[in-house]
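What follows is a set of notes on a single structure, which appears directly below.
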Amino acid sequence: MRAVDVIAKKRDGGELTAEEISFFIQGYTRDEIPDYQASAWLMAIYLRGMTDRETEHLTLAMAHSGDVLDLSDVAPLVVDKHSTGGVGDKVSLVAAPTLAALGLPVGKMSGRGLGFTGGTLDKLESIPGYRSDHTTQAFKDQLRRIGIVLTGQSADLAPADGKLYALRDVTATVPALPLIVGSVMSKKIAGGANAIVLDVKVGSGAFMKTVAEATVLAETMVRIGRSLGRRIVALLSDMNQPLGWAVGNALELREAIDTLRGGGPPDFYAHCIEVVAEMLLLVERAGDLDAARALAAQAITSGAAWEKFTALIAAQGGDVPTVEHPERLPQARLVEPLPAPADGFLQRVDAAQVGLAVMALGGGRAKKGDALDHAVGVVTHVKVGDRVSRGAPLLTLHANDAQRLAEARERLLAAHIIGPQAVDPLPLFYGRIALP
Ligand code: URA
């Protein structure tokens, strides 16, 4: 079999066989197929799509590109949550330790920033020393020892996703449904969790712009999870504005720390509670959502979630005093408000543009392997539906370069639409998908 023929078949709209897909995934994982051919293949998939059958083959081939963990010797039930990517989405940083504090072992493989979205690993790596390259053995050992792991793909675990993810990020091939399904679900399958809550984002700051598209994505992932015997549910959540206030690696980490300590933005806190509560329902630790929410809130207010978080940071080599004193996290030199240009109401936000502004400040990657500036980002002060007054700060920019700051300012101004009409606040969720 030749890679060029598999590329040509997809370019021409053909349906790839399981053998062709595994040939490509294995070849790329082992460095036998180069980046330029993989890039062409990804673009062909982006443009032509994949059938459900192809998407399932892709997911399984990616999951089996490394070890597929069986965690039954570690714990009878391991849980995991995953987001399809958003702006200001730091839910894992709060939800994972909260679940672990409730006695549910969390074994999670996260991603880095992708396109205009941020990545949990990039946020955690704002902490000096934090490591996210667990071997299979290290993953299991840590899970057994402290009941929580928050790592990335490694040479052992879903390595195909590790490589393809970085390539998609810089080849404009991220927002393709089969590639998102393959990426998310291969990590979830390889990670070995028995129960999975998917946070499927919808809106201007998500890869799926409409509820209809997000529903198809969620149903596909839930179906694959179910067919592999996992308990799985997907929430469709709003991403038409950044979640919480902060966007940017260290700024978001700081916000997650505030939330774990009982503060944080109300929308972000409510979102985290909902994700945890859905998991508690899925594993039958609560009889209904209200009881589940109360348990989740209690894990935070008691300080148990915060304790798990610091145990996680310590176990992964991170500097605990830095998270205990988050003012020691990287800080930008230039911190400037962006005043609202008019009186009125914040009617709409182009959240992808907010993510792109943070990337352009240095918070994301333009090409594979680029170093990040963890300190940069924005902190928003208003939500859609809020009244704004001319001259009052719409948001605050954190930058390390005056030229980049000026460019981000323009982009952010254009991304915030202010008008005289009042508009309703945005909902947090649009629904949930749990197939029978
Ligand atoms: N998260 C992932 O892990 N992969 C994607 O493709 C999108 C979000």
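Counting starts at 1 for both ligands and their atoms, following the listed order. Computation of the quantities below employed the complete heavy-atom set of this structure, encompassing side-chain atoms and omitting hydrogens, waters and symmetry-equivalent molecules.
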If we ignore hydrogens and angles and just use 3.5 Å, is the side chain of Glu252 paired with the main-chain N or O of Gly248 as donor and acceptor?
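A pair under 3.5 Å: yes.
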
- Step-by-step salt bridge (Lys or Arg N to Asp or Glu O under 4.0 Å) determination, Asp386 to Lys383: CA-CA 6 Å; Asp386 285 353; Lys383 292 276 167 191; over 6 Å; no

| query | When the ring planes of Phe24 and Trp41 are compared, do they come out parallel, tilted or perpendicular, using 30° and 60° as the limits? | reply | parallel

Exercise. Would Phe23 and Tyr28 count as a close aromatic pair, with their ring centres under 6.0 Å?
Worked result: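 Ring centres of Tyr28 and Phe23 not closer than 6.0 Å.
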
Under a 4.0 Å threshold between the charged nitrogen and the carboxylate oxygen, would Asp350 count as salt-bridged to Arg348?
no

Rounding to 0.5 Å, atoms CG (Leu426) and CG (Asn240) come to a distance of 5.5 Å

Close residues (non-hydrogen atom under 4.0 angstrom from ligand 1) work out to His82, Ser83, Thr84, Leu114, Tyr165, Arg168, Ile180, Ser183, Val184, Lys187

